[in-house]
Asks: 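Sharing a structure with you now.
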Amino acid sequence: MELIGRHTADPAISQATVTDATGNSADENSTITWATLTTTVNYKADDLSYSDGGMSTLNSMAKGFVNVCFPAGFPWDVVDKLMDGTLMDDVSSNWQSYASQFAGYVVSIVIGFLFIFLFPLIGCCFCCCRCCGCCGGKMIQKRKDTESSCRRKVYIVSLFIVIVFMASGMVCVYISNDQFTKTVDTIDTSVANTLDDLLTFVNATIDQIELLVQDNFNFTTDVVKRDLDSIGYLLGVPLRNAIGVDSGLDACFATTYTLVESANNATTDLLQVNTSMAVLNSAFSDLSTALSTLKTSLDTTLASCGAIQTTCNGIDTTPLTTEMDATALPDISSQLTKATEIQDSNLTAKVLEGEEGYWQIPWTVHNETNNTIASIKDKIDEFSDLINPLIDSLSSVRSSVLSSVDTDALLDDFSSQMTTAKTYDQYRWYGGVGLACIVLLVVVLQLLGLVFALIGYDSKVDPRERGCMSNSGGEMFMASVGFVFIFSSLLMLLTTLTYLIGAPLERFVCQPITDSDMTDLDRLVDEVAFKQLYGGTGSVLGKMLYSNSTYDIPISGLLKDCQASKTVYMALKADTYVNTSQIDNYKTEFDIQSELDKIDDAVDFSSIAILTPSLLSNLEDTKSAVNVDFASYAAELNKDLTSTNLTEFADSLRTLATAAGAAGETSTQNDLNTHAATLDTIQSTEVAALNEAVANLTRDLDNMAKTVNGTSAKVDKVIECLNQTELYIHANTSALLGTLATNFADRIFASIDSFISKLFTALKTELGKCDPIWNLYNNFFVITLCGYTVDTLNGFWFGLGWCLFFFIPSIIFAVKLAKHFRRMKEVETVDEHFEDPNYEKRPVPEQKRPPPGSGLTPVPTLEELYPKIDGTFPKPTSSLEANSDQTANTPTQPGSSQDKWRPPSALSNKSVKDITRPSTALSNTSDKNKSRPVSALINTSDKNKSRPASATSKKSIVCDNKAITHWGRDVCYYGKVVE
């Protein structure tokens, strides 16, 4: 123990700041600043993302179709009965229910297989039919088809739309095929990264737990033991300070030291007073002697005055004496004796001796709690015994995980298998590209057919004389139809097979997996899987992790929490189901509280003595030493020094001496003057010296009076307060120590609570974030299985099915358009005149005849062509060609009957306004009540175009100065050329 000032140095805190290698620190108040826990772990699989290649719409359509085929969702009743072994019996009795659940799926498969078998037959029949000249196989085109441009345009637009749809399906097939290859190419890397992430997760989590639990707990125990070793400083000093404040001991000792200082000053003043009194007594003795000698000599002179004897007898020498009596001043010898004894005993040391017992309280606490502190440290070590097995178990988990899974061998084997899979996937990719190319072939043929046909087609050209471009377009249409019939069964077979696999996978595997609620997944795990593993129902995770199947830990909750980057502690609901009572109740579990409660019993303060007997004796002596009768001193010292005024008395002697001289008593005169001078000398010397001594003594007495003023009361007060403080310490220190010991225990517990709070906070928010668990689920099942595999598979069959669906209308439109663009061998002709019963007979306006000599052949009227017989027009008995030839071979004269009966070759089927109807034929208008032409019907599709006219006989018929030739037939209308 070191002396600091007048007291022993207090115990000091063993280490003001506690730190460790991890960056944790604790200050003097045990406020712990925890180092930031490094929880950021770079996982490789975090970068894995799913790209649908722009096929989201196709995938959605495929899923929608699958949902239509399986409207009831996941067949839980089927699963339950399958597990119970009653499925077959239930199917036989309730087949209608199963049929309603799987009818769409079964019907789709049946349609697929029917298509596979029937479509080739239909194609074969179609080909045979065309080969026989039926079903559009005869290379002849009806005139109405030839001249119906609107119908042809509708076919062209419709076929183009179908081609666009087929092309989109072909693109989807190609992308789906390519997506599957991407899956095969990336799955080995994905698996390797995911497994590596799991190992990284295990290692990082255990490292973080070891850091958090072991290192932080060791740091906490260091802080706690630092505080226990500093109990004298942390508990003893506050205890002493509390006693000093509560008992008033600090103020009491302050008063005591003030009193000691006053006593020392009073002793000094008392010695000074004693010295001044000695000087005063010496001066008083000198004055008394001088006055007594003068009085005796003066009395002798006055007794022999001679002539003035009578006057001399009147002089009274009695006042020639001192008024003040120095011998009457109080005696302070006893006070001097007490003061001397106080100085010799060192009152300050006596006070320090009493104070040291109080000042040693921290060391008393430190020394007398050694056993208790050692016991508390043992309890802390017991708490460590709870933590260390946890660290050991984590290390064993790490070892078991790493030893049970040989990731290198597993990845090597998987990589080898994936190498083989990639090799075969190349062939699969080629096959998929081939299927897409089949569709592409059909699309290209039909698209090129449209292009060639539209470029090479000319409506003016005879169908038998169509150009190479137009004919090639038609041939491509028919080639595409042939390829459709050839390959559709193969495409449908692959579509059906892939649908057979992909649809159930999508509906019953992927949709429960990818469902945001994961309700079906929870049911699958906690009902189906639990029943298979343990029997009955319950939570699989609860059973596996906590051996209690009633714990509600759904797999969906685990995955969602891991997706949200929560810690594994929270994801597994360890905060709810893990028993942490030993940690939470460590105070009572490890009996630390009771050990801390023993501190107040371990310290004994009964031996502390503040008011020692020697201190009490010195204080009593101090009281006696300052007990001076200052009033008596003042009363005596305030008296005059002499009984009369010596100067005045000397003046009276001089007056008497003058009178003696006048009386002739020279000797008496001289003696009286000598006595007067002596009085003056006494006044200036002895009286002045005594006067100074009185003044000095008076000053010293005043100083002492000021010093000792109230000292007696202070002594009594100090004695009282020291006595009361000592009694207070004996009576109340134990209880006060108990309160402070509780605060000290709270300080210890605060350090441990800080560790526990940090532990659970880190477990809940920082440590072991289970992203890799979600990544494992997401990468393997959501992305790889459902995204790249099932979605790709469904996109493939849906794309093929899409194309097959539009193959059918493409066949229809392609066959229809082929007639319009291929080169025909024959053209349909109409040789017989007929009368349309729906023809509305209208009056024919008078025809203008060409002027004679104009060289123009007049157009015959209807009456001229066909004279009425019994009010009706007869049908001609010969063809127009015959009539035309006959007319051509017979010379005619203007105005002759032959000229009037020259028939035209054909009639236009065009309704034209503001023209007169022909005499040889009538236009076939769109109006229902108009009659058809008699000789022939010819559809024309192009407006405002003139057609050159050439008769079959190679002679032109003049129609208003213009001749029209249409497919070798001459057509004329009155007044205008009609196209």
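What you see below is based on every heavy atom in this structure, not just the backbone, and it leaves out hydrogens, waters and symmetry mates.
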Asks: Could you tell me if the side chain of T17 sits less than 4.5 Å from the side chain of E28, heavy atoms only?
Replies: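 E28 vs T17: side chains apart.
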Asks: Measure the shortest side-chain to side-chain distance between I752 and I380 over non-hydrogen atoms and say whether it is less than 4.5 angstrom.
Replies: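 Counting from C-beta outward, I752 and I380 do come under 4.5 Å.
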Asks: Is the shortest heavy-atom distance from the side chain of L271 to the side chain of T275 under 4.5 Å?
Replies: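 No, their side chains stay 4.5 Å or more apart.
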Asks: Is it the case that more than 12 heavy atoms not belonging to N371 sit under 6.0 Å from its CG atom?
Replies: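 Counting other residues, nucleotides and ligands, CG of N371 stays at 12 neighbours or fewer.
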Asks: Run the side-chain contact (heavy atoms from CB on, under 4.5 Å) test against D702 and tell me which residues pass, sequence neighbours left out.
Replies: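 Checked D702 against side-chain contact (heavy atoms from CB on, under 4.5 Å); matches are T698.
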Asks: Just grab all the salt bridge (Lys or Arg N to Asp or Glu O under 4.0 Å) pairs involving residues 680-694, residues at least two apart or on different chains.
Replies: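 Matches after skipping sequence neighbours: R654-D680.
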Asks: Given the rule in the side-chain contact (heavy atoms from CB on, under 4.5 Å) test, do F649 and L294 qualify, once you have shown the distances and angles that lead to the verdict?
Replies: CA-CA 12 Å; F649 198 84; L294 177 62; over 6 Å; no
Asks: Are F744 and L228 packed together at the side-chain level, in the sense that at least one heavy-atom pair is separated by less than 4.5 angstrom?
Replies: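 Side chain of F744 against side chain of L228, heavy atoms only: contact under 4.5 Å found.
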Asks: Decide yes or no for N743 and L740: does some side-chain heavy atom of the first lie under 4.5 Å from some side-chain heavy atom of the second?
Replies: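 They are in contact (side-chain heavy atoms under 4.5 Å apart), so the answer is yes.
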Asks: Closest heavy-atom contact between I231 and H366?
Replies: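 Residues I231 and H366, closest heavy atoms: CG2-CA, 4.2 Å.
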Asks: Check whether T765 reaches the backbone of T761 with its side chain - one donor and one acceptor, N or O, closer than 3.5 Å.
Replies: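 Yes; judged by distance alone, with no hydrogens or angles, the pair exists.
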Asks: For D700, check salt bridge (Lys or Arg N to Asp or Glu O under 4.0 Å) against everything at least two apart and list the hits.
Replies: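 With neighbours one apart ignored, the set is empty.
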Asks: Distance check, rounded to the nearest 0.5 Å: N703 atom CG versus S276 atom OG?
Replies: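 If we round to the nearest 0.5 Å, N703:CG and S276:OG are 9.5 Å apart.
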Asks: Is the side chain of N29 donor-acceptor paired with the backbone N or O of T31 at a distance under 3.5 Å, no angle test?
Replies: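 The answer is no, because no donor-acceptor pair under 3.5 Å joins these two groups.
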Asks: Are the side chain of T301 and the backbone N or O of S297 linked by a donor-acceptor pair below 3.5 Å?
Replies: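 Side chain of T301 to backbone of S297, a donor-acceptor pair under 3.5 Å: yes, one is there.
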Asks: The test is side-chain contact (heavy atoms from CB on, under 4.5 Å); show your working for L646 and L291 and say whether it passes.
Replies: CA-CA 10 Å; L646 296 183; L291 288 176; 3.9 Å; yes
Asks: Report yes if some heavy atom in the side chain of D10 is under 4.5 Å from a heavy atom in the side chain of R240; otherwise report no.
Replies: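 Yes, at least one pair of side-chain atoms sits under 4.5 Å.
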Asks: I'd like to know if the side chain of Q272 reaches the main chain of T268, judged simply by a donor and an acceptor atom lying under 3.5 Å from each other, with no hydrogens or angles considered.
Replies: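 A pair under 3.5 Å: no.
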Asks: Between the side chains of T22 and N24, does any donor sit under 3.5 Å from an acceptor?
Replies: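 Distance-only check passes for T22 and N24.
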Asks: Quick check: does any side chain N or O of S230 sit under 3.5 Å from a backbone N or O of D227, one acting as donor and the other as acceptor?
Replies: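 Absent.
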Asks: Side chains of D299 and T317: is there a donor and an acceptor less than 3.5 Å apart?
Replies: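 Judged by distance alone, the side chains do pair up.
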Asks: Minimum heavy-atom separation for A35 to G23, with atom names?
Replies: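 Closest heavy-atom pair between A35 and G23: CB-C, 3.7 Å.
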Asks: Checking the side chain of T678 only, and the main-chain atoms of T674 only, is there a donor and an acceptor separated by less than 3.5 Å?
Replies: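 Present.
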Asks: Taking all atoms of both residues into account, what is the closest heavy-atom pair of P362 and P11, and its distance?
Replies: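 In terms of heavy atoms, the two residues are closest at CB-CD, 3.5 Å.
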Asks: With no hydrogens and no angle check, is any side-chain donor or acceptor of N241 less than 3.5 Å from a backbone partner on V237?
Replies: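 Confirmed, N241 side chain pairs with V237 backbone.
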Asks: Using the ring pair (Phe, Tyr, Trp, His ring centres under 6.0 Å) criterion, which residues pair with F219? Sequence neighbours excluded.
Replies: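 Partners of F219 under the ring pair (Phe, Tyr, Trp, His ring centres under 6.0 Å) test: W34.
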Asks: List in chain and number order the residues that pass side-chain contact (heavy atoms from CB on, under 4.5 Å) with E323, two or more places apart in sequence or in another chain; answer none if no residue qualifies.
Replies: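 So E323 forms a side-chain contact (heavy atoms from CB on, under 4.5 Å) with K639, D640, S643.
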Asks: Between S751 and I32, is a side-chain contact (heavy atoms from CB on, under 4.5 Å) present by the stated rule, with each step listed?
Replies: CA-CA 7 Å; S751 298; I32 298 178; 4.2 Å; yes
Asks: Can you find a heavy atom in the side chain of E648 that is under 4.5 Å from one in the side chain of T644?
Replies: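 The answer is no, as the side chains (C-beta and beyond) never meet within the 4.5 Å cut-off.
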Asks: Shortest non-hydrogen contact from Y233 to P238?
Replies: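 Heavy atoms of Y233 and P238 come nearest at O-CD, 3.3 Å.
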Asks: Taking side chain as C-beta onward, heavy atoms only, is N218 less than 4.5 Å from D20?
Replies: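 Sidechains of D20 and N218: no contact.
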Asks: Which value, rounded to the nearest 0.5 Å, describes the distance between I756 atom CD1 and F749 atom CZ?
Replies: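 CZ of F749 is found 10.5 Å from CD1 of I756.
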Asks: If you look at every heavy atom in T318 and T321, which pair is closest and at what distance?
Replies: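 It is O-CG2, 3.7 Å.
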Asks: Keeping the roles fixed (side chain from S285, backbone from N281), state whether a donor-acceptor pair exists under 3.5 Å.
Replies: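 Not a single qualifying donor-acceptor pair exists.
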Asks: One thing to verify: whether K758 and D753 come together as a salt bridge, which I'm taking to mean a side-chain N less than 4.0 angstrom from a carboxylate O.
Replies: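 Judged by the 4.0 Å cut-off on N to carboxylate O distance, D753 and K758 do not form a salt bridge.
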Asks: Run the side-chain contact (heavy atoms from CB on, under 4.5 Å) test on D27 and T33 for me, step by step, so that the C-alpha distance in whole Å, both residues' side-chain angles and the decisive distance to 0.1 Å come before the verdict.
Replies: CA-CA 8 Å; D27 60 14; T33 301; over 6 Å; no
Asks: If only side-chain N and O atoms count, and only distance matters, is there a donor-acceptor pair under 3.5 Å linking S30 with R226?
Replies: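 R226 vs S30: donor-acceptor pair found between side chains.
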Asks: Does any N or O in the side chain of S684 come within less than 3.5 Å of the main-chain N or O of T681, such that one atom is a donor and the other an acceptor?
Replies: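 Here the side-chain-to-backbone pair exists.
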Asks: With H675, which residues qualify under ring pair (Phe, Tyr, Trp, His ring centres under 6.0 Å), at least two apart?
Replies: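 Testing H675 for ring pair (Phe, Tyr, Trp, His ring centres under 6.0 Å), a comparison that skips the adjacent residues, returns none.
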Asks: Which heavy atom of L653 sits nearest to which heavy atom of L672, and what is that distance?
Replies: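 Minimum heavy-atom contact is O-CB, 3.8 Å.
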